[in-house]
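Letters A, B, ... mirror the listed sequences (proteins, then strands); counts begin at 1.
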Amino acid sequence: MSTPKSLFDKVWDAHVVRKIEDGPDVFFIDRHFIHEVTSPVAFLGLETRGIDVLFPERTFATADHNTPTINQHLPVADPLSANQLKALETNTAKYGISHWGLGHAKNGIVHVVGPENGITQPGMTIVCGDSHTSTHGAFGAIAFGIGTSEVEMVLSSQCIMQPKPKKMRVTINGKLGAAVMPKDVTLYIISQLSAAGATGYFVEYAGDVFRNMSMEGRMTVCNMSIEMGARGGMIAPDETTFAYLKGRELAPKGEAWDKAVAYWKTLPTEEGATFDIEYNFDAADIEPQITYGTNPGLGTGISQNIPLANQVKDGEASYKKSLGYMGFAENEQIVGKSIDYVFLGSCTNGRIEDFRAFASIVKGRKKADNVTAWLVPGSHIVESQIKEEGILDILNEAGFELRQPGCSACLAMNDDKIPAGKYAVSTSNRNFEGRQGPGARTLLASPLVAAAAAVTGKVTDPRELI
Amino acid sequence: MAYDKFTVLKSTAVPMPIENVDTDQIIPARFLKATKREGFGDNLFRDWRYNGDDTPKQDFVLNNPIYSGKILVGGRNFGSGSSREHAAWAIYDYGFRCVVSSFFADIFKGNSINIGLLPVQVSPEFLDKIFKAIEADPKAELEVNLPEQTITIVSTGEQESFAINGYKKHNMINGYDDIDYLQAMKSEIKTFAEASLY
């Protein structure tokens, strides 16, 4: 009898072109996403070497990191940003790569666009020069972020050199409580494991909580895997996955669909498969979460106080530096803290379910006067859904405006920067120093927590408003 | 891109005993707008190194003239966060050739090796010894020997070995890179791709 295999092992082993002795695996990549920021130097490398793109049909380009989220029909004002967008357009045209650039009907954040157009499928290997490529693991794909040297490798050979990571399984059973979203589940896991707790591992999420989660929720969870150091996270494909994918533009059709589904059904981890490390949590222990420090591991249940230095895994000096930057003190209550900005969006929480959740709280209420809110859909498709479902009307009535798709204030590469010293409740993925703008102070949270903050002007438990 | 060969590096080191130094600190996103790989060293640790008005922050280690050298020594979980290779480029462009820590984030570690910047992972105890040696004497030298896979505090002779896989070690010693290797096996890759389900 053969050894029971995990989902991760099955997908990984099916993509090893060659094993190098005392070295990495030569690893085949099915789909490659590129964007304007981490690809130009890779294309320059191809030119310098005089080599071609091997399989242009396996790469998809979108502009997202450095695009404006207002007036996208006008020329981009910043000449460096405009130049980067132009480089992507020129490079993709030269090599025959699909390019959904600024203004294209399918433009949006790469990790929103890939799944919603059916590019992302179970059993695939997917890479992109962006660490949140882990998002696509929600479909049972092995998906992870790479550097620009590796972007050049994939363009030129459709392979990268990758040592096989160790395996971790995180199992959560039980039923989630009121106002607890997938974002809370992932922030809870990261707070338990720390920002480096899964470094060197690839994570499989298992148990009732993930089985009962929507595809968009699974994407939020897998997206944040990198925030505990994991290269990626994945969830076994099931009927929820197939129902989401069926009929999407680039998903298999007809006979090919049936064949694909039959294969995808063989992928889930077998009983008895072993992992290098396992964690088990109880859904009942998870309440709406919020971060208070400068790495995503420094988060807690919203009703809790900020921990003492001896209660966290970070060293005391680093922890105090972190709280100093945030202007917080040990043992302080987080609820009730006044905030200045709210950001709803990003590859973590920029999908339709996130906007529905946000709208469910602001409906019939008004935006607090002290809050500036930036609501940024993950793609034009999400933007259309927001309008068609009447969510835009709810947002407008409550005093909110909708911006245009892009990464926006998640990394503040464009003009969407939170000013120094200001507090932002953000549905994005990173609360690093200066991440949302020099001196900006970020509190990561779910769309419901963000909505509660937006209408009250302070950190508020969303369970009081639902 | 071929890079400088790495064999033995003996140098003073710059100490940065801070944990979780993420790639947004190493190079903030607003400095990622270039389409060429040049000049990133100017913005290395930009917001720790400079005030809002671009004057240097005197208390930051890179602005302290008593510290210099080709080795950067950082705290645990160095290079976490974004996959931006610009972080490794900025460190290399500034003049470092080696980063020492007790723990590296995966993507940063891979990116560094790919551009010829050697990440050396040591035990927390040895990292502490290095910080103490530099504290006692800012001109204390470290010797990083890639062929032997050792790092030594020259003044005390204390030594530890570090791990690197044989393939990557061979590449760094010779200045080879993965793209040349992959180009050489293109026909094998094409055959593999023909059998692909996707």
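With a threshold of 4.5 angstrom between heavy atoms, A/V154 does not approach chain B through any atom at all. With a 4.5 angstrom heavy-atom cutoff, B/R76 touches chain A only via side-chain atoms. Heavy atoms of B/F108 lying under 4.5 Å from chain A are absent altogether. For A/A420, no part lies under 4.5 angstrom from a heavy atom of chain B. For B/E19, the parts sitting under 4.5 Å from any heavy atom of chain A are the backbone and the side chain alike. Only the side chain of B/K186 has a heavy atom closer than 4.5 Å to any heavy atom of chain A. A/F43 does not touch chain B: none of its heavy atoms, backbone or side chain, sits under 4.5 Å away. Contacts between B/H170 and chain A at a heavy-atom distance below 4.5 Å are absent for every atom of the residue. Using a 4.5 Å cut-off between heavy atoms, A/N429 makes no contact with chain B at all. Heavy-atom distances place both the backbone and the side chain of A/A196 under 4.5 Å from chain B. For a residue to count as touching a neighbouring chain, one of its non-hydrogen atoms must lie under 4.5 Å from one of that chain's; by this rule B/A88 does not touch chain A.
Most heavy-atom pairs under 4.5 Å with chain A: of the set B/F192, B/Y167, B/F104, B/F31, this distinction falls to B/F192. Taking chain B as the reference chain and counting heavy-atom pairs below 4.5 Å, the highest number among A/K259, A/Q121, A/R31, A/Q162 is found for A/R31. Residue with the most contacts toward chain B among A/A317, A/G315, A/G434: A/G315 (heavy-atom pairs, distance under 4.5 Å). The choice from A/S156, A/G229, A/P165, A/P163 that makes the most heavy-atom pairs within less than 4.5 Å of chain B is A/S156. Options B/T191, B/D47, B/N77 differ in how many heavy-atom pairs under 4.5 Å they form with chain A, and the most are formed by B/N77. Interface summary for chain B: among A/G439, A/P252, A/P438, the most heavy-atom pairs under 4.5 angstrom belong to A/P438. When the candidates B/T23, B/I164, B/I189, B/D180 are compared by the number of heavy-atom contacts under 4.5 Å with chain A, B/I189 comes out ahead. Listed options B/A193, B/G52, B/A34 were ranked by heavy-atom pairs under 4.5 angstrom with chain A; first place goes to B/A193. Per-residue counts of heavy-atom pairs under 4.5 Å with chain B were compared for A/E227, A/E21, A/R58, A/E36; the largest is that of A/R58. Ranking B/H86, B/R84, B/K168 against chain A, the residue ahead of the rest is B/H86, based on heavy-atom pairs under 4.5 Å. When each of A/E150, A/R18, A/H132, A/M124 is checked for heavy-atom pairs under 4.5 Å with chain B, A/R18 comes out on top.
The shortest side-chain heavy-atom distance between B/R30 and A/K417 falls under the 4.5 Å cut-off. Side-chain contact between B/F103 and A/T199: present, with at least one pair of heavy atoms (C-beta onward) separated by less than 4.5 Å. At a threshold of 4.5 Å between non-hydrogen side-chain atoms, the residues A/S149 and B/D178 do not count as touching. Side chains of B/K190 and A/L54 form a contact here, defined as non-hydrogen atoms less than 4.5 Å apart. Side-chain atoms of A/I226 and B/I107, non-hydrogen and from C-beta on, do get closer than 4.5 Å to each other. Here the side chains of A/P24 and B/N165 are in contact, with some heavy-atom distance below 4.5 Å. A heavy-atom distance below 4.5 Å is not found between the side chains of B/L32 and A/H65. Side-chain atoms of B/Y181 and A/V26, non-hydrogen and from C-beta on, do get closer than 4.5 Å to each other.
The distance from the CG atom of A/L80 to the NZ atom of B/K33 is 6.5 Å, given to the nearest 0.5 Å. Between the CG atom in B/D24 and the CG atom in A/L411 there is a gap of 7.5 Å [rounded to 0.5 Å]. A distance of 9.0 Å separates CE of A/M161 from CG of B/N114, quoted to the nearest 0.5 Å. Rounding to the nearest 0.5 Å places OG of A/S322 at 12.0 Å from CD1 of B/I18. Atom OG of B/S196 and atom CG of A/D30 lie 4.5 Å apart (nearest 0.5 Å).
Heavy atoms from other residues, nucleotides or ligands lying under 6.0 Å from CG of B/N174 number more than 12. Within a 6.0 Å radius of CD in B/E135, other residues, nucleotides and ligands contribute 12 heavy atoms or fewer. The environment of A/E316 atom CD is sparse: at most 12 non-hydrogen atoms of other residues, nucleotides or ligands sit within 6.0 angstrom. Counted within 6.0 Å of NZ on A/K86, heavy atoms from surrounding residues, nucleotides or ligands total 12 or fewer; the atom is thus considered open.
Using modelled atom types, no side-chain atom of A/E152 and backbone atom of B/I179 make a donor-acceptor pair closer than 3.5 Å. The backbone N or O of B/Q183 sits nowhere less than 3.5 Å from a side-chain atom of A/S157 that would complete a donor-acceptor pair.
With sequence neighbours excluded, no residue satisfies ring-ring contact (aromatic ring centres under 6.0 Å, His included) with A/Y319.
A salt bridge links B/D177 with A/R49: the distance from a Lys NZ or Arg NE/NH1/NH2 to an Asp or Glu carboxylate oxygen falls below 4.0 Å. A/R231 and B/D106 are not joined by a salt bridge, as no carboxylate oxygen comes within less than 4.0 angstrom of a charged side-chain nitrogen. Salt-bridge check for B/D22 with A/R435: failed, with every basic side-chain N at 4.0 Å or more from each acidic carboxylate O.
Classification of the A/H15-B/Y198 ring pair by plane angle, with boundaries at 30° and 60°, yields parallel.
What you find for A/M413 and B/A29 is that their closest heavy atoms are CG-O, 3.2 Å. Shortest non-hydrogen contact noted between B/R37 and A/V41 is N-CG2, 3.8 Å. When every heavy atom of A/S131 is checked against every heavy atom of B/S82, the shortest pair comes out as OG-CA, 3.7 Å. Across all non-hydrogen atoms, the minimal contact from A/G129 to B/S83 is C-OG, 3.5 Å.
For the residue pair B/N20 and A/D314, a side-chain donor N or O sits within less than 3.5 Å of a side-chain acceptor on the partner.
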